[in-house]
Amino acid sequence: MVLDRDPQVLGLSARPVRLLWRDPDSGRTLTWVPQVFARYADGRALLADCPATCEPAAGRAARAAAVLAAACAAVGFTYRRLLPPDKVVAANVRWLAGYRHPRHRDAGGREQAVLEAFTSPRPLMAGAAAAGETLSALPVLYHALWSGRLVADLTRPLGEHTPVTPGPAAGVEEQEQEQHGR
(Lines give C-alpha, C1' and ligand atoms only; values in the text may rest on other atoms or scores of the structure.)
Protein backbone atom coordinates (compact mmCIF):
# COMPACT_ATOMS: atom_id res chain seq x y z
CA MET A 1 0.00 0.00 0.00
CA VAL A 2 2.85 2.37 0.74
CA LEU A 3 4.33 1.84 -2.75
CA ASP A 4 0.87 2.25 -4.27
CA ARG A 5 0.60 5.64 -2.58
CA ASP A 6 4.03 6.83 -3.77
CA PRO A 7 3.47 9.28 -6.66
CA GLN A 8 6.84 8.28 -8.17
CA VAL A 9 5.66 4.67 -8.63
CA LEU A 10 4.06 4.29 -12.05
CA GLY A 11 3.32 0.57 -11.95
CA LEU A 12 3.10 -2.31 -9.53
CA SER A 13 2.91 -6.04 -10.09
CA ALA A 14 2.41 -8.74 -7.48
CA ARG A 15 4.52 -11.90 -7.64
CA PRO A 16 5.95 -10.92 -11.02
CA VAL A 17 8.67 -13.54 -11.51
CA ARG A 18 9.99 -16.85 -10.25
CA LEU A 19 13.74 -17.07 -9.79
CA LEU A 20 15.40 -20.49 -10.10
CA TRP A 21 19.03 -21.14 -9.22
CA ARG A 22 21.32 -24.01 -8.30
CA ASP A 23 22.59 -23.89 -4.74
CA PRO A 24 26.39 -24.19 -4.91
CA ASP A 25 26.59 -26.06 -1.59
CA SER A 26 23.93 -28.73 -2.11
CA GLY A 27 23.59 -28.71 -5.90
CA ARG A 28 19.80 -28.52 -5.47
CA THR A 29 17.64 -26.28 -7.60
CA LEU A 30 16.07 -23.60 -5.42
CA THR A 31 13.24 -21.21 -6.23
CA TRP A 32 11.87 -17.96 -4.88
CA VAL A 33 9.01 -15.69 -5.91
CA PRO A 34 9.49 -12.07 -4.79
CA GLN A 35 6.28 -10.37 -3.77
CA VAL A 36 6.32 -7.00 -5.56
CA PHE A 37 7.76 -5.30 -8.62
CA ALA A 38 7.60 -1.49 -8.83
CA ARG A 39 8.53 0.76 -11.76
CA TYR A 40 9.37 4.37 -10.91
CA ALA A 41 8.81 7.48 -13.03
CA ASP A 42 12.56 7.91 -13.51
CA GLY A 43 12.89 4.38 -14.92
CA ARG A 44 14.22 2.67 -11.80
CA ALA A 45 12.87 -0.78 -11.02
CA LEU A 46 12.43 -2.39 -7.61
CA LEU A 47 11.89 -6.07 -6.92
CA ALA A 48 10.93 -6.57 -3.28
CA ASP A 49 9.78 -8.94 -0.61
CA CYS A 50 7.45 -7.73 2.11
CA PRO A 51 8.02 -9.82 5.23
CA ALA A 52 5.39 -9.78 7.94
CA THR A 53 7.94 -8.93 10.64
CA CYS A 54 10.98 -6.70 11.07
CA GLU A 55 13.16 -9.70 11.89
CA PRO A 56 16.23 -10.08 9.66
CA ALA A 57 15.97 -12.60 6.85
CA ALA A 58 17.15 -16.03 7.89
CA GLY A 59 17.63 -19.43 6.27
CA ARG A 60 15.94 -19.81 2.90
CA ALA A 61 14.80 -16.17 2.80
CA ALA A 62 18.34 -14.90 3.46
CA ARG A 63 19.78 -17.12 0.70
CA ALA A 64 17.05 -15.96 -1.69
CA ALA A 65 17.68 -12.30 -0.79
CA ALA A 66 21.38 -12.63 -1.65
CA VAL A 67 20.65 -14.32 -4.99
CA LEU A 68 17.90 -11.80 -5.83
CA ALA A 69 20.13 -8.84 -5.00
CA ALA A 70 22.82 -10.18 -7.35
CA ALA A 71 20.33 -10.99 -10.13
CA CYS A 72 18.70 -7.56 -9.83
CA ALA A 73 22.07 -5.79 -9.89
CA ALA A 74 22.96 -7.67 -13.06
CA VAL A 75 19.91 -6.25 -14.89
CA GLY A 76 19.91 -2.77 -13.32
CA PHE A 77 17.12 -3.37 -10.80
CA THR A 78 17.19 -2.95 -7.03
CA TYR A 79 16.15 -5.69 -4.62
CA ARG A 80 14.97 -4.85 -1.10
CA ARG A 81 13.15 -6.39 1.80
CA LEU A 82 10.49 -3.80 2.63
CA LEU A 83 9.86 -3.95 6.33
CA PRO A 84 6.28 -3.53 7.47
CA PRO A 85 5.27 0.01 8.40
CA ASP A 86 4.46 1.00 11.95
CA LYS A 87 0.98 -0.22 12.97
CA VAL A 88 -0.50 3.30 13.06
CA VAL A 89 0.93 4.17 9.64
CA ALA A 90 -0.35 0.86 8.26
CA ALA A 91 -3.84 1.48 9.66
CA ASN A 92 -3.95 5.03 8.28
CA VAL A 93 -2.69 4.02 4.83
CA ARG A 94 -5.12 1.07 4.75
CA TRP A 95 -7.99 3.49 5.55
CA LEU A 96 -6.92 5.99 2.89
CA ALA A 97 -6.45 3.19 0.35
CA GLY A 98 -10.20 2.68 0.50
CA TYR A 99 -10.50 6.12 -1.12
CA ARG A 100 -7.79 5.79 -3.79
CA HIS A 101 -10.21 5.21 -6.67
CA PRO A 102 -10.57 8.28 -8.91
CA ARG A 103 -14.34 8.34 -8.34
CA HIS A 104 -13.62 9.88 -4.94
CA ARG A 105 -11.53 12.74 -6.34
CA ASP A 106 -14.48 15.03 -7.07
CA ALA A 107 -17.33 13.08 -5.49
CA GLY A 108 -20.35 15.33 -5.20
CA GLY A 109 -18.50 18.15 -6.99
CA ARG A 110 -16.64 18.98 -3.76
CA GLU A 111 -13.00 18.79 -4.88
CA GLN A 112 -12.36 22.52 -5.23
CA ALA A 113 -14.14 23.30 -1.96
CA VAL A 114 -12.12 20.66 -0.09
CA LEU A 115 -8.79 21.90 -1.46
CA GLU A 116 -9.72 25.52 -0.69
CA ALA A 117 -10.73 24.54 2.85
CA PHE A 118 -7.13 23.44 3.47
CA THR A 119 -5.15 26.27 1.87
CA SER A 120 -3.79 26.74 5.36
CA PRO A 121 -3.49 24.05 8.05
CA ARG A 122 -6.65 23.14 9.90
CA PRO A 123 -8.15 20.11 11.67
CA LEU A 124 -9.55 17.38 9.40
CA MET A 125 -13.21 17.68 10.40
CA ALA A 126 -13.17 21.48 10.53
CA GLY A 127 -11.92 21.50 6.94
CA ALA A 128 -14.49 18.93 5.85
CA ALA A 129 -17.25 21.03 7.41
CA ALA A 130 -15.88 24.19 5.75
CA ALA A 131 -16.05 22.43 2.38
CA GLY A 132 -19.80 22.00 2.66
CA GLU A 133 -21.74 18.86 3.52
CA THR A 134 -19.28 16.96 5.73
CA LEU A 135 -20.32 13.46 4.67
CA SER A 136 -19.95 14.40 1.00
CA ALA A 137 -16.61 16.13 1.58
CA LEU A 138 -14.93 13.31 3.52
CA PRO A 139 -14.41 10.90 0.57
CA VAL A 140 -12.87 13.76 -1.42
CA LEU A 141 -10.70 14.73 1.54
CA TYR A 142 -9.50 11.14 2.06
CA HIS A 143 -8.73 10.80 -1.67
CA ALA A 144 -6.72 14.04 -1.52
CA LEU A 145 -4.80 12.64 1.47
CA TRP A 146 -4.19 9.38 -0.43
CA SER A 147 -2.93 11.18 -3.53
CA GLY A 148 -0.74 13.67 -1.66
CA ARG A 149 -2.72 16.75 -2.65
CA LEU A 150 -3.32 17.17 1.08
CA VAL A 151 -1.05 15.85 3.81
CA ALA A 152 -1.32 14.80 7.43
CA ASP A 153 1.04 13.11 9.88
CA LEU A 154 0.23 9.44 9.28
CA THR A 155 2.38 8.33 12.23
CA ARG A 156 -0.50 9.44 14.47
CA PRO A 157 -4.05 8.07 14.26
CA LEU A 158 -6.22 10.00 11.81
CA GLY A 159 -9.05 11.71 13.59
CA GLU A 160 -11.22 14.78 13.63
CA HIS A 161 -8.45 16.95 15.10
CA THR A 162 -5.65 15.74 12.82
CA PRO A 163 -3.98 18.79 11.22
CA VAL A 164 -4.26 18.70 7.41
CA THR A 165 -2.21 20.91 5.10
CA PRO A 166 -1.74 21.37 1.36
CA GLY A 167 0.57 18.71 -0.05
CA PRO A 168 3.37 18.85 -2.60
CA ALA A 169 1.03 17.36 -5.22
CA ALA A 170 -1.63 20.05 -4.62
CA GLY A 171 -0.89 22.17 -7.68
CA VAL A 172 0.71 19.61 -9.99
CA GLU A 173 -2.30 19.06 -12.25
CA GLU A 174 -3.00 22.77 -12.56
CA GLN A 175 0.66 23.40 -13.53
CA GLU A 176 0.50 20.61 -16.13
CA GLN A 177 -2.68 22.06 -17.60
CA GLU A 178 -1.08 25.52 -17.87
CA GLN A 179 1.98 24.03 -19.59
CA HIS A 180 -0.21 22.24 -22.14
CA GLY A 181 -2.47 25.26 -22.75
CA ARG A 182 -5.62 23.71 -21.32
Drop me the distance from [X]'s [atom1] to [Y]'s [atom2], to the nearest 0.5 angstrom.
| X | Y | atom1 | atom2 | value |
| --- | --- | --- | --- | --- |
| R149 | R105 | CZ | CZ | 3.5 Å |
| L141 | S136 | CG | OG | 12.5 Å |
| R60 | T31 | CZ | OG1 | 7.0 Å |
| T165 | F118 | OG1 | CZ | 9.5 Å |
| L145 | L150 | CG | CG | 5.5 Å |

If we only count heavy atoms from C-beta on, is the [X] to [Y] side-chain gap below 4.5 Å?
| X | Y | answer |
| --- | --- | --- |
| L83 | P51 | yes |
| V17 | V33 | no |
| D4 | V93 | no |
| F77 | L68 | no |
| R18 | L20 | yes |
| M125 | H161 | no |
| T78 | L47 | no |

Which pair of heavy atoms, one from [X] and one from [Y], lies closest together, and at what distance?
| X | Y | value |
| --- | --- | --- |
| G127 | A117 | O-CB, 3.3 Å |
| V151 | G167 | CG1-CA, 3.7 Å |
| P84 | A52 | CG-O, 3.6 Å |
| A90 | P85 | CB-CG, 3.9 Å |
| P157 | T162 | O-OG1, 3.5 Å |
| Y40 | L46 | OH-CD2, 3.7 Å |

I'd like to know if the side chain of [X] and the backbone of [Y] have a donor-acceptor N/O pair within less than 3.5 Å.
| X | Y | answer |
| --- | --- | --- |
| R22 | R28 | no |
| Q8 | A41 | no |
| D106 | E111 | yes |
| R39 | G43 | yes |
| N92 | R156 | yes |

Atom CZ of residue position R5 - does it have more than 12 heavy atoms of other residues, nucleotides or ligands inside 6.0 Å? yes
Taking the six-membered ring for Trp, are H104 and Y99 closer than 6.0 Å centroid to centroid? yes
If you group Ile, Leu, Val, Met, Phe, Trp and Tyr by side-chain heavy-atom gaps below 4.5 Å, do [X] and [Y] land in one group?
| X | Y | value |
| --- | --- | --- |
| L19 | F37 | yes |
| L138 | W95 | yes |
| M1 | L154 | yes |

Between the side chains of D49 and Y79, is a donor N or O closer than 3.5 angstrom to an acceptor N or O? yes
List the steps, then state whether side chain to side chain contact (heavy atoms under 4.5 Å, CB included) holds for V88 with T155. CA-CA 6 Å; V88 172; T155 64; 5.7 Å; no
Side chain to side chain contact (heavy atoms under 4.5 Å, CB included) between L124 and Y142: does it pass, once the steps are laid out? CA-CA 10 Å; L124 186 144; Y142 292 142; 4.1 Å; yes
Derivation and outcome, side chain to side chain contact (heavy atoms under 4.5 Å, CB included), residues V36 and C50: CA-CA 8 Å; V36 176; C50 306; 3.9 Å; yes
Carboxylate-amine/guanidinium proximity below 4.0 Å for R110 and E116: no
Take L12 and L3 through the test side chain to side chain contact (heavy atoms under 4.5 Å, CB included) and record every step on the way to the result. CA-CA 8 Å; L12 288 172; L3 283 172; 3.9 Å; yes
